[in-house]
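Input: a single structure, listed below in structure tokens.
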Amino acid sequence: MLALRAYEAAAKERLPRPVWDFFAGGSGTESMLTAGREALDRIRLRPRCLVDVSHCDPRTELLGADLAAPLGIAPMAYHQLAHPEGEVATARAAGEAGALFTVSMFASRTLEDIAAAATGPLWLQLYWLKRRDLLVDLIHRADAAGFRALVLTVDAPRVAFRPRDAANGFAVPPGIRAVNVAHDVMAASHSGRDGESAIARHSKEQFDASITWEDLAWLREVTSLPVVLKGVLTGEDAELAVKHGVSGLVVSNHGGRQLDFCRSAPDALAEIVDAVAGRCAVVLDGGIRHGADIAKALCLGADAVMVGRPALWGLAHSGAEGVADVLRLLTGEFEEVMALMGAPTVAGFERSGVVLPGCAHA
Ligand SMILES: Cc1cc2nc3c(=O)[nH]c(=O)nc-3n(C[C@H](O)[C@H](O)[C@H](O)COP(=O)(O)O)c2cc1C
Ligand SMILES: CC(C)CC(=O)C(=O)O
């Protein structure tokens with residue numbers, strides 16, 4: 001396997017069609033599946049020459065955690081859809097590769113089993129459930145298991161309409177469950193009404209769509225773990241996030257699965273970095289498929305990136321080994337871009353390292 005796209009093709013071949021569609025699909029017209037990728041492709045690198053790149057060091061630190069490269073795995077539900085070992089295999093692979101792993105609250109393995117397999121940093125992602133007692137329980141378990149931060153996803157007051165899942169009547173197959181949340185608030189393993197996946201229906205029933213900035217104070221009261229907001233796409237919200245004491249932001253459009261016809265995450269990144277002005281960490285996700293994408297994100301001011309689907313492709317192909325290889329490929333490509341860009345350290349990536357579409361020198 002020489003590039004991520006080989007894992008994509010292999011995963012597509014292996015996975016049952018409805019599972020592939022759940023992984024690959026987007027919301028609405030699916031316009032955002034390509035938009036993020038196109039935005040990254042439009043950004044071009046501006047290399048500097050005659051810099052000593054005899055030793056390039058991709059290591060970095062993110063919210064106190066040492067990483068082998070500015071790279072992590074984005075939260076994704078139900079890894080057992082890709083491989084029987086599920087998130088335990090992903091955690092092992094992330095640890096091996098020195099990458100961050102953000103575990104979805106809808107993980108299919110317990111937080112404790114995942115933590116036992118992990119040798120690298122773990123963050124826990126949360127949707128704000130109406131049942132706050134369940135959130136508190138999860139947060140305390142995560143803290144006890146050694147998770148280092150909470151990631152509150154703020155772009156999904158409900159799961160958006162996703163045509164592929166609706167057409168397939170998608171439901172998580174029996175035997176795979178969101179084992180960290182109580183039975184009565186799990187997505188049913190049957191799709192119910194026509195035209196709505198079990199996951200979309202579940203979110204409308206269980207997610208609290210009424211929360212506002214004021215509710216973050218409650219979250220900060222129940223935990224001392226750093227809070228990261230995922231799905232922020234404007235400078236205004238980045239400013240509010242900092243004012244409300246968050247430790248980090250994930251600039252993301254949820255892999256094209258939430259608001260259709262939205263600005264893409266790479267297009268929003270510079271505005272958010274400027275608004276934050278170093279007051280909290282900034283991570284980019286969506287469409288990261290090559291080491292050069294990591295370099296572009298760093299030039300625009302991100303501290304790190306996360307990959308979503310590529311981790312599931314590796315997992316579907318060959319479990320932990322496949323995920324570790326996906327992470328190794330990306331890190332290897334990034335290290336080469338460092339050398340060819342004349343940026344031997346992560347701190348060496350600056351705004352002047354990219355040409356943005358529409359700029360005078362483009
Ligand atoms: C199958 C799948 C499940 C996902 N589940 C979650 C989730 O549980 N929580 C969340 O915040 N984001 C979830 N996401 C969004 C990812 O965290 C991430 O934003 C997105 O996948 C990044 O884009 P990429 O897949 O192009 O790398 C999911 C994405 C996919 C593809
Ligand atoms: C189970 C879903 C709520 C997970 C999700 O966020 C997604 O599918 O994008």
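The figures here come from the full heavy-atom set of this structure, side chains too, leaving out hydrogens, waters and symmetry mates. Just so it is clear, the model here is predicted, and its values are computed rather than measured. For ligands, and for the atoms within them, numbers begin at 1 and follow the listed sequence.
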Query raised in the report: What residue and heavy atom of the protein are closest to atom 7 (C) of ligand 2, and at what distance?
Result: Arg162 NH1, 3.2 Å
Report task. Classify the angle between the aromatic ring planes of His202 and Phe106 as parallel (below 30°), tilted (30 to 60°) or perpendicular (above 60°). Result -> perpendicular
Requested in this report: Of the side chain and backbone of His254, name the one, both, or neither that has a heavy atom under 4.0 Å from an atom of ligand 2.
Outcome: side chain
Report summary line: ligand 2 to Phe22, heavy atom cutoff 4.0 Å, flagged ligand atoms 8 (O)
Report summary line: salt bridge (Lys or Arg N to Asp or Glu O under 4.0 Å) pairs touching residues 280-299, sequence neighbours excluded, are Arg37-Asp293
Query - Identified side-chain contact (heavy atoms from CB on, under 4.5 Å) partner of Thr153 from the options Tyr127, Phe207, Trp128 - result: Tyr127
Query raised in the report: Just going by heavy-atom distances, which of Asp165, Ile199, Thr153 is nearest to atom 2 (C) of ligand 2?
Result: Ile199
Query - Under 4.0 Å from ligand 1 - residues by heavy atom, chain and number - result: Phe22, Phe23, Ala74, Pro75, Met76, Ala77, Ser104, Gln125, Tyr127, Thr153, Lys230, Ser252, His254, Gly255, Arg257, Asp285, Gly286, Gly287, Arg289, Val307, Gly308, Arg309, Leu312
**Report entry** Within the 6.0 Å centroid threshold, strictly below: His79 and Phe101
**Finding:** yes
Query raised in the report: For ligand 2, which atoms, with element, lie under 4.0 Å from some heavy atom of Ala77?
Result: 1 (C), 4 (C)
**Report entry** Option nearest atom 3 (C) of ligand 2 (shortest heavy-atom distance, choices Val172, Asp155, Val159)
**Finding:** Val159
Query raised in the report: Taking atom 5 (C) of ligand 2 as the point of reference, which of Phe170, Tyr127, Phe106 owns the nearest heavy atom?
Result: Tyr127
Query raised in the report: Do the side-chain N and O atoms of Arg109 and Asn180 include a donor-acceptor pair separated by under 3.5 angstrom?
Result: no
Report task. Answer with yes or no after comparing the ring centroid distance for Tyr78 and Phe23 against a 6.0 Å cut-off, counting only values under it. Result -> no
Query raised in the report: Can a salt bridge be assigned to the pair Glu205 and Lys130 using a cut-off of 4.0 Å between side-chain N and carboxylate O?
Result: no
Query raised in the report: Does Arg148 count as lying over the ring of Trp123, i.e. NZ or CZ under 6.0 Å from the six-ring centre, within 45 degrees of the axis?
Result: no
Requested in this report: Kindly confirm or rule out a cation-pi arrangement of Arg257 over Phe22, judged by NZ or CZ under 6.0 Å from the six-membered ring centre and within 45° of its axis?
Outcome: yes
